[in-house]
Amino acid sequence: MSLLANLNPEQLAAVTLPNQSALILAGAGSGKTRVLTTRIAWLIQTGNVSPAGVLAVTFTNKAAKEMLTRISAMLPVSTRGMWVGTFHGLCNRLLRAHYRDAGLPQLFQILDSADQLSLVKRVLKSMNVDEDRFPPKQVQHFINGNKEEGRRASKADAFDEFGRRLCEIYAAYDEQCQREGVVDFAELLLRSFELLSKNEILREHYQGRFRHVLVDEFQDTNRLQYRWLKLLTGPGSVIFAVGDDDQSIYAFRGANVGNMADFERDFHVDNVIRLEQNYRSHGNILDAANALISNNRKRLGKNLWTSEGHGEPLRIYEAQTDGYEAHWLAEEVQALNRDGLARHEIGVLYRSNAQSRILEHALFSAGIPYRVYGGLRFFERMEIKHALAYLRLIASSEDDSAFLRVVNFPVRGIGARSLEALQDAARTGGTSLFNAVPKLAGKAGNALGAFAALIAALRKETEGLALPEIVEHMLAKSGLLAYFQAEKDGADRLENLQELVNAAATFVQEQDDAQDLASFLAHAALEAGEHQAGEGSDALQLMTVHSAKGLEFQAVFVTGLEEGLFPHEQSRNEDDGLEEERRLMYVAITRARARLYLSFSQNRMLHGQTRYNVASRFLDEIPVGLVKWLTPRMGSMPLPGPVLASARDVAKPAPRATPAGWRIGQNVVHAKFGQGVIVDAEGQGPDARLQINFGRQGMKWLALEYAKLSAA
DNA sequence: TGAGGGATGGGACCA
DNA sequence: CCATCCCTCA
């Protein structure tokens, strides 16, 4: 059968597994997506299951889309009826179909995290809560954290006064959501979980329907998602979970690797299949990754290998400053280009977004086109958010969030006082802001009345229009277009608004069922769109290690490999923080096909001051036989020659008085703490003390008189 | 209401 | 250093 051609024995075993729940430990580059999609195609082709009996769930829209594309390429039958999507997308589908049973209005709106935060702020204000004691971000985190553990406000932990207050806020927030008919991301999950657990008929219906549940990136699931999956899987159904515990890098957002072990137990998985043959990277790169990750204690265990050759050694570069590092990188990229490697085949990775600035500076100076991942996505842009708010108001009068966003944008002379009066009226009347407008009289009432009339007119005028026309009409009548036309730098925003009309047109074309406004709004919330246009151009790819997960490049630069940066400073205080950082490094290394550069810098400008760092421990964890130093090994750099143009690089950190024989930035060795860098100094003579960054041992103040220090 | 000053804080991500 | 927020003042 052609479907199974060219699968290796483990892949074949996974794809053709008999009807039983299974855990597939799929290493980086081991053909995970291929196994997942071929499994589905095989099940259908062999008559094991009909398309309607398949539920496949991923975390990102990109992954879901890719799965669908691959499946349809393999199968002649239509993929309609198959449920393939993200957790949130599928929950949305479930809740739209059973909105009444779920206790939601038919046209419920979805809040993204920015919407959610502003709703939290509004609730805090209405409860007269001190925002210094209860920072909105923290409250939001509390609410989401509890929802992801399946806990409602009445069940959330409240050990003290503070916790009880948080629970009250949580409860008030949920009430307000219910009043407005809005649902946040965590709520999508929790609400559909509750729907299925309370409603036996529905549960049994879906359990009977989905015979095969397949999960991608299983190591990233949180507790609630795991329980959701269990709930959907009936006695006659099985779960095919694919994941890699070594690539679990999202504990900070609630991912629970422990789900893999729980899954083995709960579903009586007796044969874990390991996909360890790697089709991406050269041997040296895999050996480095294997050696690094073997330093983690909590692992299910796995070793990547390739049938291809060792390839080149990994290249390590030590720079004096972040500026030199960036400059070296730019030159190296140009050299690779000259050797025929396209820019989009090169990935530049860093631990935190702040690092991109200096890299961009150097690339810009060198005239190298680049593309930075991350940042604002299409549906998150201010002008788009405003446009969507108008659409939301057209769809629903209950949506206070949308109301507040645009009631005075473009400005209509509706200030804080009028809104306060309106909010009072709404509260006493138990209605939404929009519906409270008629209760207000006087000057404020007039301005607000005009706004309400505008919305009412928009509703009437757009009735029966096609989606793109609704959007177009709203843009013109709301005053948004005029506003940005008058704006000096409004050209980009106007372009985006036009793009919104196109997005609506595309949406209508792609959907074969729901084409109404509500489903378009749900689409906008669930799929925020691309970060940046310019897909086609040949540009260097800059991104954080996190966003590089799942991607691969011919050549990869991992930059800023310094203690305190990667591994990150904060990871020391976290449970298992260091192991997660190491997995992150593992992800970074395994992105490279042929060439891998690892670079670090002795000095780095961070938060406005120069920091002196030692090389990341992760460099030590890579066997020396696999690497080649492009600079003299560790710390013995000659003083900088005439190198770089950037003013920031030329400016040396302010010299500080140091005890004779020592200087800031000097590498030293201590008998107990090992290698370190002098960061600061105080006192002279017998009182002299030095502050030294010993990397993994931490930052220490040592009295020169007692400490046994020697120059490195 | 919006421009501009001053304080503040700063990890990573997707839906 | 730089972005963001909040507050003040014209």
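Reminder, nothing fancy here: chain letters follow the sequence lines and each chain counts from 1. Quick note: numbers below take in every heavy atom, side chains included, and nothing from hydrogens, waters or symmetry partners.
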Next item on the list: Flag this pair as yes if the NZ/CZ of A:Arg371 is under 6.0 angstrom from the six-membered ring centre of A:Tyr373 and inside a 45 degree cone about the axis; otherwise no.
Entry: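 Checked: cation-pi criterion met.
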
Next item on the list: Compute both the distance and the angle, then confirm whether A:Arg96 meets the cation-pi test with A:Phe108: under 6.0 Å from the six-membered ring centre, within 45 degrees of the axis.
Entry: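 Yes - A:Arg96 lies over the ring of A:Phe108, closer than 6.0 Å to its centre and within 45° of its axis.
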
Whether the side chain of [X] engages the backbone of [Y] through a donor-acceptor N/O pair (distance < 3.5 Å, no angle test) should be reported.
X	Y	value
A:Asp112	A:Glu380	no
A:Ser418	A:Ile414	no
A:Ser601	A:Asp322	yes
A:His546	A:Ile249	yes

Notebook entry, point to check: Can you name the residues that form a salt bridge (Lys or Arg N to Asp or Glu O under 4.0 Å) with A:Arg583, not counting sequence neighbours?
Noted result: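 Testing A:Arg583 for salt bridge (Lys or Arg N to Asp or Glu O under 4.0 Å), a comparison that skips the adjacent residues, returns A:Glu580.
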
Margin query: Give me the distance, rounded to whole Å, that separates C:dC5 from B:dA12 when you measure between the P atoms they each carry.
Written below: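 Between the two P atoms, the distance is 16 Å.
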
Margin query: For the C1' atoms, the ones on C:dC2 and on B:dC13, what distance do you get once it is rounded to whole angstrom?
Written below: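 Their C1' atoms lie roughly 22 Å apart.
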
For [X] and [N], give me the distance from atom [atom1] to atom [atom2], rounded to whole Å.
X	N	atom1	atom2	answer
A:Glu131	B:dT8	CD	P	16 Å
A:Leu606	C:dA3	CG	P	14 Å
A:Glu487	B:dG2	CD	C1'	11 Å
A:Asp132	C:dC6	CG	P	10 Å

Next item on the list: Would you please indicate if the ring centroids of A:Phe87 and A:Phe59 are separated by under 6.0 Å?
Entry: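 Yes, close enough.
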
Checklist line | Dot-bracket pairing map - DNA chain B, Watson-Crick plus G-U, both contacts under 3.5 Å, | cross-strand | finding: ||||||||||.....

Next item on the list: Just call it for A:Asp184: base, sugar-phosphate, or nothing, with non-hydrogen atoms closer than 4.0 Å on any strand.
Entry: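 No contact.
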
Item checked: Letter per nucleotide, 5' to 3', of nucleotides 10-15 of chain B [B base touched, S only sugar-phosphate touched, - untouched; heavy atoms, 4.0 Å] -> BBBBBB

